[in-house]
Amino acid sequence: YATKEEAETAVAAVLAAHIADEKRRFNHVKDNKGRNHTWAWNVGYHRREAKRAREQVAYHEGKLAVAKSKAKETGDE
């Protein structure tokens with residue numbers, strides 16, 4: 001910049017744009033936090049979680065069956 005005043009004016013403009021961008025970004029995050037899920041997203045999420053829960057039940061029931069059979073073999077019941 002040719003003069004100090006030109007540099008200060010440019011800095012003020014960049015700073016104002018940066019502050020406006022930060023405010024817009026903050027408000028976007030604040031406004032959409034937890035509220036941007038559609039019904040389709042909710043359906044998919046709960047189906048996925050139900051499937052995962054069924055898989056966990058099957059896994060743990062299998063482990064329980066093995067543990068019961070081992071307990072019968074050793075008489076630890």
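In this text the structure is predicted, and so the values were computed from the model without any measurement. Residue numbers run from 1 in the order of the sequence given.
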List in chain and number order the residues that pass salt bridge (Lys or Arg N to Asp or Glu O under 4.0 Å) with Glu22, two or more places apart in sequence or in another chain; answer none if no residue qualifies.
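Once residues adjacent in sequence are excluded, the partners of Glu22 under the salt bridge (Lys or Arg N to Asp or Glu O under 4.0 Å) criterion are Arg25.
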Side chain to side chain donor-acceptor pair (under 3.5 Å) partners for Asn42, two or more places apart:
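For Asn42 there are no side chain to side chain donor-acceptor pair (under 3.5 Å) partners, ignoring immediate neighbours.
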All side-chain contact (heavy atoms from CB on, under 4.5 Å) counterparts of Leu64, not counting sequence neighbours
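Per chain and number, Leu64 pairs via side-chain contact (heavy atoms from CB on, under 4.5 Å) with Lys68.
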Test side-chain contact (heavy atoms from CB on, under 4.5 Å) applied to Glu5 - qualifying residues, sequence neighbours left out:
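Partners of Glu5 under the side-chain contact (heavy atoms from CB on, under 4.5 Å) test: Thr3.
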Just jot down the ring-ring contact (aromatic ring centres under 6.0 Å, His included) partners of Trp39, sequence neighbours excluded, or say none.
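Listed in chain order: nothing, the list is empty.
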Residues 47-61 side chain polar contacts: donor-acceptor under 3.5 Å, at least two apart:
residue: Glu49; atom: OE1; partner: Arg52; partner atom: NE; Å: 3.4
residue: Glu49; atom: OE1; partner: Arg52; partner atom: NH2; Å: 3.0

